[in-house]
Amino acid sequence: MTAPALSIVVPCYNEQEVLPEFHARIVPVMESIGWPWEVVYVNDGSRDGTMAVMTGLAERDPRVALVNLSRNFGKEIALTAGLDHARGTEGVVVIDADLQDPPEVIPSLLAAAAQGYDVAYAQRSVRHGENWLKRTTAAGFYRMMQRLGGRVQLPRDTGDFRFMSRRSLDALLQLREQHRFMKGLFAWVGFPSIAVPYERAPRAAGETKWNYWKLWNLSLEGITSFTVGPLKIATYLGLFTAVLAGIYLLQLLVRTILFGNPTSGYPSLMAVVLFLGGVQLTTLGIIGEYLGRIFNETKGRPLYLVERHLPSSANGQVAKRPAA
Ligand code: UDP
Ligand code: MG
């Protein structure tokens, strides 16, 4: 059995409603391309029937590979697991299971990459089914990352939906950090890249696993794994307050010498104490965010554990398949 040229990697968490539809839509698209291909479904510890749906698909279609993680590890790690198990010799396409990334865009990604690019990433031109708050917070985040990011620049309005050549994938797979902010890792790897605009559809079924708290945490992840900017902010904030305090002290001294001390109020003292306390706690918190990440990295645990892996084609399920 020859290795497939292209692997489609799909992380799935509680996607039993959409998976059959997803598979039904990806098959004609991939067949129209005409390359040997496989689709790697990663079950990220789903609590619903996702695993059963996947095994069903694998039994009926030899091009399905299946990676079942031992529990829910989160999308970024599930995606990594899928990429680790992708056998595509030419490259991989990363896509969400919920059909927000239309599989029909894949041929355009491949066409763009064929012009000599290692990475063709889909860039959202319209965000359907996302409210004003989600759009503005997302825009704000990208702007801040652009400021803080330094040499590594995140492309705007870009998710994980992309084609990656085998060599850029191999480069990406060398990055084994625990705190995986995939958008950032993709950007860090570099290689010639091109944007392909597309319209992001609303979720086909099931519900999003993201809420604002998770998105906030993802942004923290993005910032702390890509820049030490906030640590510098702490330094400058400290310097700035120290200088202000110095000026205030001088002014106090001069005033006391010239006019004596009329004992100015307790409230201003309280305000300064509380303000400085707040600044100190915040900066400690920032240091803590980094320290915690250092702690997690030093443990050197594997990124994920695989409960079961069925490679495509040679997955031992052939006997159960109805004769074609
Ligand atoms: N996902 C996953 N593990 C998780 C959460 C999500 O594998 O812990 C998958 C999910 O099944 C989907 C993709 O990641 O295929 C994107 O998730 P979702 O649609 O909830 O995110 P959104 O599109 O709202 O950013
Ligand atoms: Mg989605």
Side-chain angles (χ1 to χ4, degrees), residues 7-26 39-54 57 64-86 92-103 105-106 121-124 126-139 141-142 154 156-162 178-186 198-219 221-222 303-307:
S7 301
I8 312 295
V9 174
V10 196
C12 305
Y13 177 59
N14 296 348
E15 302 286 8
Q16 62 175 7
E17 288 99 354
V18 275
L19 255 190
E21 194 188 333
F22 174 85
H23 195 71
R25 264 178 69 183
I26 196 99
V39 51
V40 181
Y41 290 119
V42 182
N43 177 31
D44 186 17
S46 301
R47 286 166 209 285
D48 64 358
T50 301
M51 187 56 191
V53 175
M54 281 183 186
L57 290 174
V64 171
L66 202 162
V67 179
N68 188 35
L69 301 184
S70 61
R71 62 169 169 86
N72 179 253
F73 282 89
K75 170 172 186 195
E76 318 276 307
I77 289 189
L79 178 56
T80 310
L83 293 175
D84 281 337
H85 290 87
V92 295
V93 170
V94 174
I95 188 169
D96 282 359
D98 58 9
L99 294 170
Q100 273 190 294
D101 309 331
V105 177
I106 295 177
Y121 55 87
Q123 193 164 42
R124 299 184 268 260
V126 187
R127 286 175 168 235
H128 287 296
E130 286 182 356
N131 61 23
W132 170 87
L133 187 60
K134 174 98 186 260
R135 284 197 308 268
T136 34
T137 47
F141 172 71
Y142 282 114
L154 289 190
R156 292 178 72 88
D157 287 332
T158 303
D160 298 334
F161 187 23
R162 63 187 57 224
Q178 297 281 337
H179 289 270
R180 305 184 75 74
F181 177 65
M182 288 310 270
K183 289 188 226 304
L185 297 184
F186 289 140
Y198 80 114
E199 281 194 23
R200 186 152 167 90
R203 224 173 201 287
E207 53 194 40
T208 174
K209 280 87 202 172
W210 296 102
N211 50 39
Y212 283 103
W213 178 242
K214 279 197 179 170
L215 280 175
W216 163 253
N217 279 322
L218 182 71
S219 322
E221 201 71 69
L303 285 178
Y304 56 84
L305 293 174
V306 175
E307 186 270 334

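Given the structure is predicted, the values throughout are model-derived calculations rather than measurements. Order of listing sets the numbers, starting from 1, for every ligand and every atom in it.
- Asp96 places no side-chain N or O within donor-acceptor distance of the main-chain N or O of Asp98, the cut-off being under 3.5 Å.
- Backbone and side-chain nitrogen or oxygen atoms of Ala78 are examined, and none is located within less than 3.5 angstrom of a nitrogen or oxygen of ligand 1.
- Among residues two or more places apart in sequence or in another chain, the ring-ring contact (aromatic ring centres under 6.0 Å, His included) test is passed with Phe186 by none.
- Using modelled atom types, one finds a donor on one side chain and an acceptor on the other under 3.5 Å when comparing Tyr304 with Asp84.
- Counting heavy atoms closer than 4.0 Å to ligand 1, residue Leu79 contributes nothing at all.
- The closest approach of Asp98 to the Mg ion (ligand 2), by N/O/S atoms, is made by OD2.
- By the 4.5 Å heavy-atom criterion applied to side chains, Ile26 and Phe22 are counted as neighbours.
- For ligand 1, the atoms closer than 4.0 angstrom to any heavy atom of Glu15 are 10 (C), 11 (O), 12 (C), 15 (O).
- The closest side-chain donor-acceptor pair between Thr158 and Arg124, if any, does not fall under 3.5 angstrom.
- Residues Val67 and Val40 are in side-chain contact: their nearest non-hydrogen atoms beyond the backbone lie under 4.5 Å apart.
- Close approach of ligand 1 to Ala97 (heavy-atom distance below 4.0 Å) involves ligand atoms 15 (O).
- Close approach of ligand 1 to Pro11 is summarised as follows: ligand atoms under 4.0 Å from at least one heavy atom of the residue are 7 (O), 9 (C), 10 (C), 11 (O), 12 (C), 15 (O).
- Residue-ligand proximity, Asp44 to ligand 1, at heavy-atom distances under 4.0 Å covers atoms 2 (C), 3 (N), 4 (C), 7 (O), 8 (O).
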